[in-house]
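Have a look at the structure below, then the notes.
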Amino acid sequence: MGVQLTHGYGMTEVPMITMGSPDDTPAQLAETEGRPPEGMEIRITDEEGKPLPYGTDGEVRLRGEAVCRGYLNPAASDTAFDAEGFLITGDVGHLRPSGHLVLTGRLKDIIIRKGENISAKEIEDLLARHPGIGDAAVIGLPDEERGERVCAVVEQPAGAAPLSLPELTAYLRGEGLSVHKLPEQLEVVDALPRNEALRKVLKYRLRERFAGRS
């Protein structure tokens, strides 16, 4: 239609956090969520709330006029904001020197295996390219030796050859995934459980279902 498509990042508490621009490069449009508008502060922090440098993944925190003032429940407000008034989003990402924000996952989607943080989204993005996988969800399951183990739960399209764990890990290694991030468990399901409103995958149901397997 002769127009440039852009996208942005927001949430109920902050309607506009970042927005792409028609002046962004194709790579910036494809790989980032855009830049924040004037008056919106984005801080990337470690677990203790200390700011992290450009290019380093951490928790996304927000402060500005567009951020809600709090919740009706004062206790919820106390835990939602840090001491400097930044909203704690629970999203994980990093800032580029250009000011563009890159989201890489959710804190709850971080799997801690032998002390190493593993992004479920990173693995899911690679699995999405596999021709024998229709959709995938990566979860962390309790493990006595590792703390958590990485489990890939996948849907396969009709007619696809059955997928094995060795085939899956070989594919991921070929895509450049580090060895310590490879799934140790594969589960194939007819359909991933989703909510009705937004069709988001209900990972807690997958954890409940597969936690006892190894």
For this session: Please step through side-chain contact (heavy atoms from CB on, under 4.5 Å) for the pair Asp109 and Lys121, ending with a clear verdict.
Result: CA-CA 7 Å; Asp109 276 344; Lys121 184 176 184 297; over 6 Å; no
Joint cluster assignment, [X] & [Y], ILVMFWY side-chain distance < 4.5 Å:
X: Val201; Y: Leu186; value: no
X: Ile112; Y: Val138; value: no
X: Ile139; Y: Leu172; value: no
X: Val153; Y: Ile133; value: no
X: Val14; Y: Ile42; value: yes

Using a 3.5 Å distance criterion without hydrogens, assess whether the side chain of [X] forms a donor-acceptor pair with backbone atoms of [Y].
X: Arg63; Y: Glu84; value: yes
X: Glu122; Y: Ser119; value: no
X: Ser178; Y: His180; value: no
X: Thr6; Y: Ser21; value: no
X: Glu33; Y: Thr18; value: no
X: Glu155; Y: Leu192; value: yes
X: Thr25; Y: Gln28; value: yes

For [X] and [Y], work out which heavy atoms get closest and say how close.
X: Pro157; Y: Pro131; answer: CG-O, 4.0 Å
X: Pro183; Y: Leu168; answer: CG-CD2, 4.3 Å
X: Ala66; Y: Pro15; answer: O-CD, 3.7 Å
X: Ile17; Y: Pro37; answer: O-CD, 3.3 Å
X: Lys203; Y: Ala137; answer: CE-CB, 4.2 Å
X: Glu148; Y: Ile110; answer: OE1-O, 4.2 Å

For this session: Take atom CE of Met16 as the centre, draw a 6.0 Å sphere, and report whether it contains more than 12 heavy atoms from other residues, nucleotides or ligands.
Result: no
Taking the side chain as C-beta and beyond, is there a heavy-atom pair between [X] and [Y] under 4.5 Å?
X: Leu62; Y: Glu41; result: no
X: Leu101; Y: Ile44; result: yes
X: Lys114; Y: Glu145; result: yes
X: Val154; Y: Val189; result: no
X: Gln4; Y: Leu29; result: yes
X: Phe81; Y: Cys68; result: yes
X: Phe86; Y: Val60; result: no
X: Ile118; Y: Ile123; result: yes

Problem set entry | Stepwise side-chain contact (heavy atoms from CB on, under 4.5 Å) test for Glu175 and Leu126 | CA-CA 7 Å; Glu175 292 293 311; Leu126 295 176; 4.0 Å; yes
Problem set entry | Residue pair Leu141, Arg207: steps toward the side-chain contact (heavy atoms from CB on, under 4.5 Å) verdict | CA-CA 6 Å; Leu141 297 178; Arg207 295 186 187 99; 4.3 Å; yes
Measuring from [X]:[atom1] to [Y]:[atom2], what's the distance to the nearest 0.5 Å?
X: His100; Y: Arg35; atom1: NE2; atom2: CZ; result: 4.0 Å
X: Asp24; Y: Thr32; atom1: CG; atom2: OG1; result: 6.0 Å
X: Leu103; Y: Glu31; atom1: CG; atom2: CD; result: 13.5 Å
X: Arg209; Y: Leu202; atom1: CZ; atom2: CG; result: 13.0 Å

For this session: Would you mind telling me which of Leu165, Asp143, Val150 makes a side-chain contact (heavy atoms from CB on, under 4.5 Å) with Glu184?
Result: Val150
Problem set entry | Pair Arg61, Thr45: side-chain N/O donor-acceptor within cut-off below 3.5 Å | yes
Can we say [X] and [Y] salt-bridge, meaning some charged N sits less than 4.0 Å from an Asp/Glu carboxylate O?
X: Glu48; Y: Lys50; answer: yes
X: Arg43; Y: Glu59; answer: no
X: Arg129; Y: Glu124; answer: no

For this session: Run the numbers on Tyr9 and Thr89 for side-chain contact (heavy atoms from CB on, under 4.5 Å), then give the verdict.
Result: CA-CA 12 Å; Tyr9 162 48; Thr89 67; 4.2 Å; yes
For this session: Over 60° means perpendicular and under 30° means parallel, so classify the ring planes of His130 and Tyr171, tilted if in between.
Result: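 The rings of Tyr171 and His130 stand perpendicular, inter-plane angle above 60°.
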